[in-house]
Number of protein chains: 2
Amino acid sequence: MITDDRLSAIFAALADPTRRAILARLARGEAAVNELAEPFAISLPAITKHLKVLERAGLITRSRQAQWRPCRLDAAALRDATDWLEHYRQFWDQSLDRLDEYLQNIQTAESDDSHSV
Amino acid sequence: MITDDRLSAIFAALADPTRRAILARLARGEAAVNELAEPFAISLPAITKHLKVLERAGLITRSRQAQWRPCRLDAAALRDATDWLEHYRQFWDQSLDRLDEYLQNIQTAESDDSHSV
């Protein structure tokens, strides 16, 4: 069971476009800090700060062994966030069901109209 | 297509345990501000502030008509957040596949051992 604090840290880490872009890059494979910084018009210290937020949230891990300390995506935290959101899936599914129902009612009404002409 | 700013606002709104608890309460049905405040040991203005964050992120809507202005869950924003996370599902599925593979290898090894005895 994930704690409230951990879930808050994960969502806070995801609430930034640069951090989400870093995760998208790491989804293609591990990378060093300077590789991660390349596509962004921000300084290396700023990237390092983002990486620390991601690491604290458990979204990435950094190798302690290799000298270039590659960053790697840790998908377990993303799964925890998705698990929380999944509880609400029934609500948007219900909305789609209601839309389906509405569209079917329109079609039935139109078909009734064409019969009565 | 959801914008980066909207996605950031949704994740930032979800990064707070009180706001997540408010959404969980609204999943059971619409509620007035004072009903939402009841379970929390925080002031009505503090709850109102949380509601504004949720409303700006599109996670809730507030009725303009009824005088008690009930709050209602808007699941579309939760679906947008889940859609973003779903891109990463393959990564935790892969981790589970690797775990499966590992457990199967252990079983095979154990079964080989028992045959050789």
Side-chain angles (χ1 to χ4, degrees), chain A residues 1-30 39-40 50 53-54 56-61 71-99, chain B residues 1-30 39-40 50 53-54 56-61 71-99:
Chain A
M1 182 67 185
I2 187 166
T3 65
D4 251 356
D5 280 354
R6 221 171 104 61
L7 203 48
S8 294
I10 293 168
F11 283 130
L14 294 177
D16 180 276
T18 304
R19 289 198 289 269
R20 291 197 302 276
I22 290 171
L23 292 177
R25 165 62 190 82
L26 291 177
R28 304 205 323 266
E30 60 178 30
F40 304 105
H50 282 310
V53 175
L54 290 169
R56 271 199 297 267
L59 287 159
I60 66 167
T61 53
C71 302
R72 183 189 291 250
L73 182 70
D74 189 347
L78 290 171
R79 190 191 49 210
D80 289 337
T82 311
D83 283 349
W84 184 86
L85 285 164
E86 284 290 333
H87 291 299
Y88 296 87
R89 180 177 289 278
Q90 51 172 315
F91 296 99
W92 66 77
D93 282 350
Q94 274 169 13
S95 311
L96 288 177
D97 285 349
R98 275 199 294 271
L99 182 66
Chain B
M1 183 66 184
I2 188 166
T3 64
D4 251 356
D5 281 353
R6 221 172 103 61
L7 203 48
S8 294
I10 294 169
F11 283 130
L14 294 177
D16 179 276
T18 304
R19 289 198 291 268
R20 290 197 303 275
I22 290 173
L23 293 177
R25 166 61 190 83
L26 292 177
R28 303 205 322 267
E30 58 178 31
F40 305 106
H50 281 311
V53 175
L54 290 169
R56 271 199 297 268
L59 287 160
I60 65 166
T61 53
C71 302
R72 183 190 290 252
L73 182 71
D74 189 348
L78 291 169
R79 188 192 52 210
D80 289 337
T82 311
D83 283 350
W84 184 85
L85 286 162
E86 283 291 331
H87 292 299
Y88 296 87
R89 179 178 290 279
Q90 54 172 312
F91 296 99
W92 65 78
D93 281 351
Q94 274 169 13
S95 311
L96 289 177
D97 284 350
R98 275 199 295 268
L99 183 65

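Side chains are part of it too, since the values below use all heavy atoms of this structure and drop only hydrogens, waters and symmetry mates. By convention in this document, chain letters (A, B, ...) are assigned in the order of the sequence lines, proteins followed by strands, and residues within each chain are numbered from 1.
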If I measure from the heavy atoms of chain A, does [X] come under 4.5 Å with its side chain, its backbone, both, or neither?
X	answer
B:L23	both
B:A13	neither
B:R20	both

Spacing of B:Y88 atom OH and A:L26 atom CG [to the nearest 0.5 Å]: 9.0 Å

Summary of salt bridge (Lys or Arg N to Asp or Glu O under 4.0 Å) pairs that have at least one residue in residues 5-16 of chain A, sequence neighbours excluded: A:R6-A:D80

Engaged part of A:A24 at the chain B interface, taking heavy atoms whose separation is under 4.5 Å: both

Closest approach of B:S8 to A:A15 (non-hydrogen atoms, all atoms of both residues): O-CB, 3.5 Å

Qualifying residues under salt bridge (charged side-chain N to carboxylate O under 4.0 Å, His left out), relative to A:R56, sequence neighbours excluded: none

A:L14 side chain near B:L85 side chain, heavy-atom distance below 4.5 Å: yes

